[in-house]
Amino acid sequence: MLDRGAAMSGGSDPRRFAVSDGSPLRLLWIVAPLLLFVGLTFYPSRQPAEAGTMPFAVTLTPPYFTLHGSAAWSLAIATLITVLLCWLFFRRRVQLDGSVLSVHSTFYRKHTPVEQMELQQAAVVDLKQDRRHGLRHKINAYSMPGFHSGHYRLHGGGKGFALVTDVHRVLVIPVRDGPTLLLSLAEPQSLLDALRRAAMPSGRPR
């Protein structure tokens, strides 16, 4: 007897679809602030801690955090945040497990049943040209120039869930009672074909 999870996925093995590679130079939007922070913190000449000052201090100006007069603690926190953001930048996965499409993108994830997708309206678009599906503003998202991840309000109205690494080539999948999916894939047609096969268990295309 199949367990519940196998029944929901149709008993098939999950299939992953490669996300379009974005330029690694976009990481400069993460690394550059760290380098600027290091410069602001360590380039100016530092004075030794005055006697009687607190061992731990928090300020509104660089270095923000000091421990016994040293800014190393502040640098450690900034480095940790930078490493975390770089790791999240590469956390991307698009996977079809039976009749459920799972998208993992940085902080966010979305699971969408194929039966809720309007596959006849799905298309590969250029978000710079297609204003209807363009990303208007962030609701809860992580983005930088050329990279968009998470929940957005679309120019044409409604909401969208994005994993976009190339705004000029995005697979748009409208979803009933849910946010439109916007995905940058190396082979978008391959995913679209797989979704259409998964949507016809009775042999009738959706």
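Residue numbers run from 1 in the order of the sequence given.
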Residues forming a side chain to side chain contact (heavy atoms under 4.5 Å, CB included) with S149, sequence neighbours excluded: S105, T106, Y108, F147
Residues forming a side chain to side chain contact (heavy atoms under 4.5 Å, CB included) with Q189, sequence neighbours excluded: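 Per chain and number, Q189 pairs via side chain to side chain contact (heavy atoms under 4.5 Å, CB included) with L192, D193, R196.
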More than 12 heavy atoms of other groups within 6.0 Å of R131 CZ: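 Atom CZ in R131 is not crowded, with 12 or fewer foreign heavy atoms closer than 6.0 Å.
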Distance (rounded to the nearest 0.5 Å) between R91 CZ and L163 CG: 11.0 Å
Between OG on residue S99 and CZ on residue R197, distance to nearest 0.5 Å: 14.5 Å
Stepwise side chain to side chain contact (heavy atoms under 4.5 Å, CB included) check, V83 with L85: CA-CA 6 Å; V83 171; L85 292 176; over 6 Å; no
Heavy-atom pair of closest approach, residues A198 and G98: CB-O, 3.6 Å
Heavy-atom closest pair, residues R169 and V124: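 Answer, listing the atom of R169 first, then V124: CG-CG1, 3.8 Å.
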Working for side chain to side chain donor-acceptor pair (under 3.5 Å), residues R15 and S190: CA-CA 11 Å; R15 180 182 175 188; S190 178; 3.0 Å; yes
Mind checking whether [X] and [Y] sit in one hydrophobic cluster, side chains of I, L, V, M, F, W, Y counted as touching below 4.5 Å?
X	Y	answer
V19	L127	no
V103	W87	yes
V175	L195	yes
F89	V164	no
L84	F90	yes

Side-chain donor-acceptor pairs of residues 179-187 under 3.5 Å, sequence neighbours excluded:
residue	atom	partner	partner atom	Å
S184	OG	T165	N	3.0
S184	OG	D166	N	3.2
S184	OG	D166	O	3.4

Side chain to side chain contact (heavy atoms under 4.5 Å, CB included) evaluation trace for H155 with R132: CA-CA 5 Å; H155 278 286; R132 183 177 53 154; over 6 Å; no
Is any side-chain heavy atom of [X] less than 4.5 Å from a side-chain heavy atom of [Y]?
X	Y	result
T112	M117	yes
I173	E118	no
F17	L96	yes

All side-chain hydrogen bond (donor to acceptor under 3.5 Å, both in side chains) counterparts of H151, not counting sequence neighbours: none
Pair listing, ring pair (Phe, Tyr, Trp, His ring centres under 6.0 Å) test, anchored in residues 109-137, at least two apart: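 As it turns out, the ring pair (Phe, Tyr, Trp, His ring centres under 6.0 Å) pairs with a partner in residues 109-137, which skip direct neighbours, are H104-H111.
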Residues forming a ring pair (Phe, Tyr, Trp, His ring centres under 6.0 Å) with Y142, sequence neighbours excluded: F107
Distance-only polar pair, side chains of R176 and Q116, donor-acceptor under 3.5 Å: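 Short answer, no.
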CA sep, side-chain torsions, deciding dist, call: S102, R109, side chain to side chain contact (heavy atoms under 4.5 Å, CB included): CA-CA 7 Å; S102 298; R109 63 179 62 188; over 6 Å; no
